[in-house]
There are 2 protein chains.
Amino acid sequence: MATGRTHRPATRSRGIPEATVARLPLYLRALTALSERSVPTVSSEELAAAAGVNSAKLRKDFSYLGSYGTRGVGYDVEYLVYQISRELGLTQDWPVVIVGIGNLGAALANYGGFASRGFRVAALIDADPAMAGKPVAGIPVQHTDELEKIIKDNGVSIGVIATPAGAAQPVCDRLVAAGVTSILNFAPTVLSVPDGVDVRKVDLSIELQILAFHEQRKAGEETAAGTGALPAAAPRGTAAADDSTDQGPDGDVPAVMPA
Amino acid sequence: MATGRTHRPATRSRGIPEATVARLPLYLRALTALSERSVPTVSSEELAAAAGVNSAKLRKDFSYLGSYGTRGVGYDVEYLVYQISRELGLTQDWPVVIVGIGNLGAALANYGGFASRGFRVAALIDADPAMAGKPVAGIPVQHTDELEKIIKDNGVSIGVIATPAGAAQPVCDRLVAAGVTSILNFAPTVLSVPDGVDVRKVDLSIELQILAFHEQRKAGEETAAGTGALPAAAPRGTAAADDSTDQGPDGDVPAVMPA
DNA sequence: GAATGTGAACTCGTTCACAGCC
DNA sequence: GGCTGTGAACGAGTTCACATTC
């Protein structure tokens, strides 16, 4: 997905593959759980199972970070938690703003997984004046007018967009203009941003559509399947399928589009 | 010298690459927008721009579906909308249940992107008896006890899990036992499912962590941990942890523990 | 002339298998 | 003996570039 033109030689610094980066949070979560149970060490095999990947991949991933394991023994849980956290930048505190406090925005504001990992919801922003001042997840909602000031006062570099599709691009533009350089977009629309700004998107309906595709496949080889017709017919056979891409949680991230 | 685990004869001719499947919904959305504006045809170039991919990739993707374009002209919008919808299985009606009607579950229930694409929320299910009967998005919440009955009566094959992490696996097991074969998991946990069941996961905090990784990288690139010369992007907490060295923290691990 | 469709080259990611160390 | 770390083989996905068709 070429980030713009030939700007950066890409792999310049210590290039950790993007696929590996996307799995680090997964490992971190599994490790955190082990840490809470005071497990001192894990083998790649055990940790891989807990994270839902295979062990060769995990070892390869860790090898990009350095040699943090001990042969014959495994990995020290606490140490690895720290190393991965540091690599991901979670030893810092990241102030985040959420724009668009509808159902989804509120869900995000309440989501515990943020605070526990170095993210701090610095502000909630909504365009509806009626929302202003109302507390959501204990944080008073502020009006969009304040957006630029909030970003600057709090040194916010990460913004979350949970607005309706139509509002997303303008909001995005304002966030970027105010200094935000990373955006997590929940609105079902393609955002365009200048070079140097990262966008990740999460699209709820896309995920369902991908499931539907596979579900349809499973439902049997309905050859014709033509124009219309086909009454939804509860497909619940045990079509044990051949098409196993491994099992379980495929290491597939919901699409990235750095721009 | 067989490699050992040859499951199936390479790729079936019908096999559409997973990466392509993941982009079809993107194309579909762009096409739907064009369709609403009554645009009759698009070139791969235009459509690619609207979907946020490059045109070579788009053409390659479409080539897996068949030859639906016209050289020298482009693609017929309506026709392509139909073909992609059919390929994704969206010409059918997919009843879906959402389990866990907290903030997120409610957001999902209200999300318009589902209904508009062949997904119908057949039921909302929650473990809290106090929720039972309360309407969310116009649909009365039902108690978990009813889960199996609901799945069977409605022929549901796709389930959405929006419960807390601890409840996810048991709910998953029940869904699968009742006949669900595709699961969209929002709970921050790895689900294990039998062969033949697809799981996709959406993890909000993982996405943020990936952004943090890149954000940290940007900050280290510009200034060498200098005088906070960054635009507005200077995160809190002093950039002590630059990735220049990976010296062992020998004992004092700055635990980044969740609450 | 214009734009699709696609082999071929290339890049990225995964898996294998085993050397190296505890 | 057990487990990590990693080069090498393999496979998936992307990009190139051009023959092909309208």
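To find a chain, count down the sequence lines: A is the first, B the second, and so on, and within it residues start at 1.
Atom CG in A:Leu47 sits about 12 Å away from atom P in D:dG5, given to the nearest Å. Remark: P of C:dG5 and CG of B:Leu65 are 10 Å apart, rounded to the nearest angstrom. If you take CD of A:Glu18 and P of C:dG13, they are 8 Å apart, rounded to a whole angstrom. Atom CZ of A:Arg59 is separated from atom P of D:dG2 by 15 Å (rounded to the nearest Å). The distance between atom CG of B:Leu24 and atom P of D:dG13, rounded to the nearest whole Å, is 13 Å. Atom-to-atom, CD1 of B:Ile16 to C1' of C:dT6 comes out at 16 Å; the value is rounded to the nearest Å. A:Leu58 has its CG atom 14 Å from the P atom of D:dC3, to the nearest Å. Rounding to whole angstrom units, CD of residue A:Gln83 and P of D:dG5 are separated by 12 Å.
The phosphate of C:dT15 (OP1 or OP2) has a side-chain N or O of A:Lys57 nearer than 4.0 angstrom. Side-chain nitrogen and oxygen atoms of A:Asn54 include none within less than 4.0 Å of the OP1 or OP2 phosphate oxygen of C:dT14.
Judged as a side-chain contact (heavy atoms from CB on, under 4.5 Å), and not counting sequence neighbours, A:Ala177 has no contacts. Evaluation of the side-chain contact (heavy atoms from CB on, under 4.5 Å) rule for A:Pro170 yields no partner, not counting sequence neighbours. Remark: B:Phe186 pairs with no residue by the ring pair (Phe, Tyr, Trp, His ring centres under 6.0 Å) rule, at least two apart or across chains. Considering only residues two or more places apart in sequence or on other chains, A:Phe213 meets the ring pair (Phe, Tyr, Trp, His ring centres under 6.0 Å) condition with none of them.
The side chain of A:Ser43 lies closest to D:dC3, out of D:dC3, C:dG7, D:dG7.
Comparing B:Phe62 and A:Ala19 along DNA chain C, the residue whose closest nucleotide (by nearest heavy atom) sits nearer the 5' end is B:Phe62. Between B:Thr20 and A:Ser44, the residue whose closest nucleotide on DNA chain D is further toward the 5' end is A:Ser44. Comparing B:Glu45 and B:Lys60 against DNA chain C, the residue whose closest nucleotide sits nearer the 5' end is B:Glu45.
Pairs passing the salt bridge (Lys or Arg N to Asp or Glu O under 4.0 Å) check and including a residue from residues 29-41 of chain B, sequence neighbours excluded, read A:Asp203-B:Arg29.
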Does B:Glu87 form a salt bridge (Lys or Arg N to Asp or Glu O under 4.0 Å) with A:Arg217? I'd like the steps, not just the answer.
CA-CA 10 Å; B:Glu87 196 66 56; A:Arg217 271 289 137 103; 3.5 Å; yes
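Residues B:Thr91 and B:Arg86 have side chains that never bring a donor and an acceptor to within less than 3.5 angstrom of each other.
Listed by residue number, the members of residues 68-76 of chain B with any heavy atom below 4.0 angstrom from DNA chain D are B:Thr70, B:Arg71.
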